[in-house]
Amino acid sequence: MTAVLDDWRLESLDESLYACRELIEDTTFPTVSKWREQGGKVAGHFQVYFPEEIAHAAGMLPVKIRGGPLDPVLADSHFGSYLCSILKTSLEFAMNGNLKLDLFVSHPICDAARNLAAIWGRNLDYPSQILYLPQNPNSSHSATYLSGEYGRLKRVVARVSGAEVTDENLRNSINVFNENRKLLRELYDIKRETPWLIDAVDAYCLVSIGGLIPREEHNDLLKRLLPQIRQRRQKQQDRIRVVFEGGFCEQPPLDLLRMLARTCYLVDDDLLVGLRWLTEDIPLEGDPLFNLAESYIDRSSYSPVQHDLRKPKEAMLLKRVEKAKADAVIVAAAKMCEPGLEEQVTYTHALDEHGIPYFVSEFEENMTSFDHLELLVETFLENLLFA
Amino acid sequence: MTTKISAEEIVGRGSREGAALFQDWFASLTNTAEEGGRGAYVFVMGSFNEILNAFDLPIVFPEINSLQTAVRKVAHEYLSEAEDYGYSPDICGYVKADVSVQFSRGKHPMGRIPKPAIAILTNACNTYIKWAEIWERIHQIPVVTIDVPGTRDGAELDKQDALDFANDRQYVVAQIKELIATCEEVTGTEFDIDKLRENMEAANTLSTSWKRIIDLNKNRPSVFNALTDGTVFLGVANGFRGTKEGADYFTRLVEEMEFKVAHGIGAVEDEQYRLAFVGVPCYPIFRRFNEMFLQRGGTFINSTYLWFASGGTNRGFEYELTDPINSLAEGVLLSVRSAMDSMFHQDRMLEEIADDYGVDGIVYHAIKSCRTVSTGLADARHSLSARRDIPSLFIESDMMDRRVVSEAQMKNRVDAFFEGLASRRQRADNA
């Protein structure tokens, strides 16, 4: 495995977390550049979920494309108005050369994003593909279909990487990612059980960095830092426990999370949920592609962009709130994000029915002013605190 | 013995008969609603009428109901009600109008629609999925999503590997069988494959006719306006797919259009500029929008709307009736995929038809309500412009929401576009 992080092992917990934050905010993607400088190939995958194991098994670096805080000067003219920011900034990174890929894969999560592969393909000279994840996971045939679709993706990845993808490679990769998801679940356990030990920004950065570095390195990082986080001596404060919902695709700016971290405990969220989509280990025995497919169908999280009769979104949110013992919910949506905005209606009606307080808001990855929002959030939380 | 038909009798027949069929259809839906009956809610990109008609389920197209509110200039009332309920101004206007229709017990400008017994959707538009989830919550009905995997790589349009195609087709076959089982449960009626075969035969007539009609506009003058007449034909193509009325209507429409070709009767008297339309019509000012072009000698001879909003029927796919389920799956897969391609890769398709249709200009109409259609239009336009020297106009408004339709600004841009076309023609004449 090619390492892309500097030797953080010598650093303290705070220094390591600082380094993660710096990397997340660096719009030049230094870890990806470093991987490429060492001859590695890169598979960029757009939100929400992507079976990274398949790219990993071919020796590629799977990189989560999640937009970012920059002005889309090159990309803007390639889109119409009334669109979310993440589409434009994601393409901007590819067009301005900050993010060099060998393969781009998206799947039709929404009406806007489903156009992205076509636009990408017309403007960049490497393969741009759509992965059709099932929107009918309730069909008895969906896992079989998806297994075949993953087989197609495996052939594409093998062609681009020049490496054979064997079942053994796939099992090894699944093992690495199983460990990664287990560590991320542990991080979320800390958030839920002892949120005073890690604030919303640091927790987010620890998850997010995984989409930019080899997963083995991410595992090493988490294995080292999680015990240190548990050993912190921070004191619990009298704060409202909040679930943040609406970060499944476009990401709120770190400053927004910083503002929330100052005002409440963010005990659970759907930020970068694609990296945590599979909720249990993928079995290592049997056909690895079928196991991957079946896990996507049967052992997975939820988001507004996947329809599954077994997982009504409002019921899933209520479960998340209950599991996190949350007092309130921030029901957010990225500006112009249709699925997010539509789900806000469902979520708020369900929360009303269950008497759970909520705060509705929209955000944009490029927003820079939070004073007004902070005032509103503080007022909302104070009302709960002193009720 | 042949019967001679007069021009008076045949020209405009398709529009008249289309309007009558529409009225009958909505009257019948109103009756069903008044009697407490239920219908099947479906969408234009993959309606599965062939199956639903085999169960005698009344078909409701909420997209068509919604656009009627805009054409009849009452959409704002429906949009406001849904926005008051919590739906954002930034989401699809069709969805919001329908939400209001559902809240008002099915009442809409053409009558009433029955409550759904079942809803069927494809993944051709993600808003279909969110929309159906709303019905699922309001009506607690079975919602059947049929996944139709589309083109994976724009560089390989229509070139899918046989193994991958078989995987996709098998998935659609399995889902169709599951849909049939759900229809049996919902209606309490046993599935009759011969009835399906009959409906598929009627759909074959409609599909081949639809392709033929679009092809006939290659003639000069063009025989129908793809934006105005085309929208009427489209409504019938969707609402009456897989029925005898639909097959008869389109057989007679082909006859009308062939008559017009044979007698040199054009859609307009003086066809000066042949335009292709890309996007969804501007329904809040439907007539005025067309007039802006018509007044300058422009007529729409083809449109991507006729392709994707017919669910890819423009491919003219004909089912193999000896193997109905597999053939239906293949037809749905190829047609709905083609509909998606005509939204995401329409630059390639326009390039293919530009010469055959003698396209003088392309009008791109991006709309706020529909990101599926509009997100990639600007880029596709760049791409096509780099390959072909075809003048184009890019305008933005909406298909439902008059708040984002700026008619004066639009007219200025249309006028400038025609001035460009005229000067280009003059330069060509002088060369």
Side-chain angles (χ1 to χ4, degrees), chain A residues 77-83 87 108-119 121-123 127-132 134-136 138-142 144-145 147-149 151-152 155-156 304-307 309 312-314 333 335-339 341-346 348-349 360 362, chain B residues 85-88 90-92 95 122-123 125-127 129-134 136-137 143-147 149-155 161 163-164 166-168 170-171 173-175 178 340 343-345 347 366-380 382-383 394 396 404:
Chain A
S77 66
H78 293 264
F79 294 94
S81 310
Y82 312 118
L83 291 174
L87 294 185
I109 55 167
C110 70
D111 293 340
R114 66 185 312 159
N115 279 273
L116 199 52
I119 296 171
R122 284 192 287 262
N123 291 284
S128 171
Q129 288 260 328
I130 288 184
L131 174 71
Y132 269 92
Q135 284 290 3
N136 184 9
N138 307 111
S139 167
S140 60
H141 195 77
S142 61
T144 305
Y145 154 76
S147 177
E149 176 68 349
R152 184 189 67 75
R155 294 197 301 278
V156 170
V305 295
Q306 193 213 30
H307 177 73
L309 298 168
K313 263 73 81 177
E314 61 274 42
K335 283 190 190 301
M336 298 291 170
C337 167
E338 271 195 295
L341 291 166
E342 281 157 345
E343 219 60 71
Q344 273 188 332
V345 181
T346 313
T348 53
H349 284 265
V360 177
E362 288 182 33
Chain B
Y85 186 74
Y87 287 99
S88 164
D90 296 325
I91 67 163
C92 172
V95 174
T122 67
N123 59 328
C125 163
N126 290 62
T127 293
I129 299 170
K130 304 307 292 176
W131 196 341
E133 285 177 352
I134 296 172
E136 203 172 24
R137 290 173 183 122
V143 164
V144 182
T145 309
I146 308 282
D147 257 331
T151 295
R152 301 330 199 276
D153 187 337
D161 177 279
L163 178 69
D164 298 328
N167 187 48
D168 291 349
Q170 205 46 46
Y171 185 30
V173 168
Q175 293 175 94
E178 288 166 350
M340 292 193 261
M343 296 185 287
F344 312 132
H345 303 290
D347 55 314
I367 51 169
K368 182 181 179 183
S369 266
C370 184
R371 272 92 173 175
T372 313
V373 173
S374 306
T375 300
L377 286 193
D379 182 69
H382 281 309
S383 181
F394 192 91
E396 286 186 293
V404 284

Nearest atoms (heavy-atom pairs only) where A:L341 meets B:I91: CB-CG2, 3.8 Å
Give, as side chain, backbone, both or neither, the part of B:L163 having an atom under 4.5 angstrom from any heavy atom of chain A. side chain
Working for side-chain contact (heavy atoms from CB on, under 4.5 Å), residues A:L309 and B:E136: CA-CA 9 Å; A:L309 298 168; B:E136 203 172 24; 2.6 Å; yes
Closest-packed option against chain B by number of heavy-atom pairs under 4.5 Å, given A:A118, A:G80, A:C110, A:P304: A:C110
Can you list everything that forms a side-chain hydrogen bond (donor to acceptor under 3.5 Å, both in side chains) with B:T127? Sequence neighbours excluded, please. A:D111
Which one of B:K368, B:H382, B:Q170, B:E396 has the most heavy-atom pairs closer than 4.5 Å to chain A? B:K368
Does any N or O in the side chain of A:E338 come within less than 3.5 Å of the main-chain N or O of B:C92, such that one atom is a donor and the other an acceptor? yes
Considering residues at least two apart in sequence or located in another chain, which fulfil the side-chain hydrogen bond (donor to acceptor under 3.5 Å, both in side chains) criterion with B:D168? B:R152, B:Q160, B:R337
Pick from B:S88, B:A132, B:G150: which one has the most heavy-atom pairs with chain A under 4.5 Å? B:G150
Identify which of B:D90, B:D147, B:V144 forms the greatest number of heavy-atom pairs closer than 4.5 Å to chain A. B:D147
Approximate separation, where rounding is to 0.5 Å, of A:N136 CG and B:I146 CD1: 6.5 Å
Between B:M340 and A:R114, is there a side-chain heavy-atom distance shorter than 4.5 Å? yes
Pick from B:C370, B:P149, B:A366 with the largest number of heavy-atom pairs that fall under 4.5 Å of chain A: B:P149
To the nearest 0.5 angstrom, please state how far the OH atom of A:Y132 sits from the OG1 atom of B:T151. 7.0 Å
